[in-house]
Every structure is written in structure tokens, then in C-alpha cells.
Protein chains: 2
Amino acid sequence: MSNTKVLPLVEPDSDAVAPCCPPLTERPFTADEAETAARMFKALGDPVRLRLFSAVASHEGGEACVCDISDVGVSQPTVSHHLKKLKEAGLLTSERRGTWVYYRVEPSVLAAMGKLLTIAPAAA
Amino acid sequence: MSNTKVLPLVEPDSDAVAPCCPPLTERPFTADEAETAARMFKALGDPVRLRLFSAVASHEGGEACVCDISDVGVSQPTVSHHLKKLKEAGLLTSERRGTWVYYRVEPSVLAAMGKLLTIAPAAA
DNA sequence: CGCCTGGTTCGACATGTGTCAACATAGATG
DNA sequence: CATCTATGTTGACACATGTCGAACCAGGCG
């Protein structure tokens with residue numbers, strides 16, 4: 001394996017979690033890779049989405065219902081809109097349980113993005 | 001210290017490279033933190049910028065002149081525009097050397113973003 | 001000095017995006 | 001079934017953003 005303990009907090013086979021792209025520093029991205037990766041970054045490129053995502057990610061059990069996190073200074077439809085965006089970007093998944101809808105983070109995508117930003121482990 | 005060897009590829013005092021925010025998973029972001037972090041993510045949230053950034057980052061010596069990376073399918077003014085955005089976001093720095101202008105990556109910012117995406121090292 | 005090449009800035013335009021109010025839907029509960 | 005609460009969807013609108021061509025600045029060179 002190329003890099004052994006870069007993100008030891010995820011799956012053991014941490015090489016498999018990045019079906020998207022190599023580290024940004026490894027070689028110039030192709031148009032397709034850039035398109036894919038940019039979609040994820042763009043999803044986190046909004047303050048409200050970032051707060052929502054962080055709220056879900058840091059919530060107990062890695063999941064939270066909308067009612068728990070919708071206090072970010074915008075109207076409820078806007079919250080819903082942003083959560084949808086995050087879902088479309090593959091960063092969150094949602095599940096309805098009775099009255100409430102719970103969102104949870106997709107850890108593999110987080111890890112993939114983290115690896116993208118890794119300084120090229122050329123020497124390792 | 002809270003997290004000892006999350007991104008061992010950077011400076012030894014890797015805690016100092018993130019003057020921005022804690023990991024997304026540690027606690028809900030404040031409005032200010034989200035604003036700051038979103039600015040960086042947004043900068044990488046465009047395919048063209050991502051290609052340019054990757055081209056610079058992966059170039060020999062971590063720097064490249066515009067002429068080396070401007071082959072991304074958009075006009076040259078547009079390239080310049082995106083490079084400016086990346087510079088404003090703190091991801092790149094530029095320096096004129098004779099005829100050419102060289103861009104290089106700001107590794108500390110890369111590392112900071114990587115840490116942001118770290119899965120909360122709660123257990124560690 | 002005049003000109004050429006590399007790069008940035010300007011002005012304009014089309015498109016994308018964040019936001020809200022109003023309406024619609026899904027379950028729970030009486 | 002009536003109704004209430006929790007979410008999502010729609011339509012509209014202001015604003016930001018990506019893009020280009022044209023004009024402009026900076027160095028090197030004859």
C-alpha cells in the first residue's frame with residue numbers, strides 16, 4: 001500500500017474509500033476528476049451548508065434530525081434546500097423515522113476528500 | 001494535545017497549521033468558522049480552479065508558471081481570473097520572475113483543510 | 001524606442017445560487 | 001376523519017459567478 005496511516009480513523013483499507021480522484025498534489029486532475037471533486041467541494045462551499053454538515057457530523061451517533069440542526073439563521077425551507085444539496089453531493093444520507101427525518105454523514109466521502117487534500121506521500 | 005498524528009505529512013506541530021477551525025466532526029461550526037472554512041472550500045468548488053490548483057500542486061517544485069497550466073479549456077483571461085480567486089482564498093501565492101509569473105501552493109492551508117475533514121479522533 | 005509575448009484588468013453578458021413565502025406532503029394523534 | 005407538527009417542494013427574485021473579447025500593463029529584445 002502506498003500510504004499506510006494517513007487517516008487511520010477510517011476503514012483499514014483506506015485506499016478503497018476514494019473512488020474519485022488521487023491526491024491533488026499527485027498529478028494534474030483530468031476534466032472528469034475535477035468535475036467530480038469540485039461537486040463535493042462546492043457542496044461544502046457555503047457557510048450554511050457547512051454548519052449543517054458540521055452539526056450532523058458532530059451530533060451524537062453521527063446522525064441528527066432536522067429539528068436538531070435547523071438553527072442556523074435561515075428559514076426552514078432554506079435548511080431543507082441545503083440538506084438536499086448535501087445529499088445530492090453524496091455527503092449526507094437521510095432516513096425518515098416516524099415523524100422526523102434523520103440525516104447522517106457518509107464517512108467514506110469525508111475520507112476521500114481528506115485524502116484529496118493530502119500532501120503527496122511521494123517519499124513514503 | 002488532542003490529536004497527535006492525523007496528518008503526519010506536514011509540519012511536526014500540525015496543530016498550528018489550522019488557525020481556522022476544528023474538525024467538522026468535533027462540534028457544530030459557529031457562523032464565523034463556517035464563513036472562513038466555506039471560503040476555502042468554495043475556492044476549490046469549481047472544476048477549472050481545481051484543475052489549475054492540482055496542476056500547480058503537482059508541478060515540479062510545487063510551483064508553475066501560468067503558461068504551463070493554462071491548458072484547461074478556457075480562455076486565458078478566465079485562467080487568470082481563477083488563479084486570482086485561488087490566491088484570494090489563500091490557497092496559492094504568486095511571484096513574477098522576469099517574463100513569467102509563477103504560482104505555488106500554500107501547503108499549510110491544504111493541511112488545514114485536510115484536518116477539517118478528519119473523522120473526529122474522539123477515542124484517541 | 002518600437003514591438004512582441006506573457007499576464008492581468010475591464011465591461012458585458014448569461015447562468016447559477018441562496019433565500020424566502022406559500023403551498024404540499026407524511027405521520028402521529030385524537 | 002380532522003388536525004396538528006415536521007419536512008419537503010415550488011415559484012419568484014436578487015445577487016453572485018463563470019466566461020469571453022478587448023483593452024491594458026510588464027519585461028525582454030531588436
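Numbered from 1 within each chain, the chains take letters A, B, ... in sequence-line order.
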[N] [atom2] sits how many Å from [X] [atom1], rounded?
| X | N | atom1 | atom2 | answer |
| --- | --- | --- | --- | --- |
| B:R97 | C:dG6 | CZ | P | 17 Å |
| B:W100 | D:dC29 | CH2 | P | 9 Å |
| A:Y103 | D:dT7 | OH | C1' | 8 Å |
| A:L86 | D:dG8 | CG | C1' | 15 Å |
| B:R39 | D:dT17 | CZ | C1' | 16 Å |
| A:Q76 | D:dT7 | CD | C1' | 5 Å |
| B:K84 | C:dG6 | NZ | P | 22 Å |
| A:Y102 | C:dA26 | OH | C1' | 15 Å |

Are side-chain heavy atoms of [X] and [Y] found at a separation under 4.5 Å?
| X | Y | value |
| --- | --- | --- |
| A:F53 | A:L110 | yes |
| A:E33 | A:P22 | yes |
| A:K87 | A:Y103 | yes |

Nucleotide of [options] approaching [X] most closely (side-chain heavy atoms):
| X | options | answer |
| --- | --- | --- |
| B:K85 | D:dT17, C:dT17, D:dG8 | D:dT17 |
| A:T78 | C:dT9, C:dG6, C:dT19 | C:dT19 |
| A:V66 | C:dT17, D:dG8, D:dA22 | D:dG8 |
| B:V101 | D:dG8, C:dA28, C:dT8 | C:dT8 |

(message) Starting from B:V74, can I reach B:I69 by hopping between I/L/V/M/F/W/Y residues whose side chains sit under 4.5 Å apart?
(response)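 Both belong to a single hydrophobic cluster.
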(message) Under the criterion side chain to side chain contact (heavy atoms under 4.5 Å, CB included), I'd like the reasoning laid out for A:V79 against A:V48: C-alpha separation, chi angles, the key distance, then a yes or no.
(response) CA-CA 8 Å; A:V79 169; A:V48 174; 5.7 Å; no
(request) Classify the nucleic acid contact of A:V79 as base, sugar-phosphate or nothing, counting any heavy atom under 4.0 Å across all strands shown. (result)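 Nothing, no heavy atom under 4.0 Å.
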(request) Take A:V74 and B:S94, find for each the nucleotide of DNA chain C with the closest heavy atom, and name the residue whose nucleotide sits nearer the 5' end. (result)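 This one resolves to B:S94.
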(message) Heavy-atom nearest nucleotide on DNA chain D for A:H81 versus A:R96: which residue maps closer to 5'?
(response)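 Going by which nucleotide is closer to the 5' end, it is A:R96.
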(message) Strictly below 4.0 Å: does A:T99 bring a side-chain N or O up to OP1 or OP2 of C:dG27?
(response)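 Indeed not, no polar side-chain atom of A:T99 lies that close.
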(request) Taking only the side-chain nitrogens and oxygens of A:K42, find out if one of them lies under 4.0 Å from OP1 or OP2 of C:dT17. (result)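 So the side-chain polar atoms of A:K42 do come within 4.0 Å of the phosphate oxygens OP1 or OP2 of C:dT17, strictly under.
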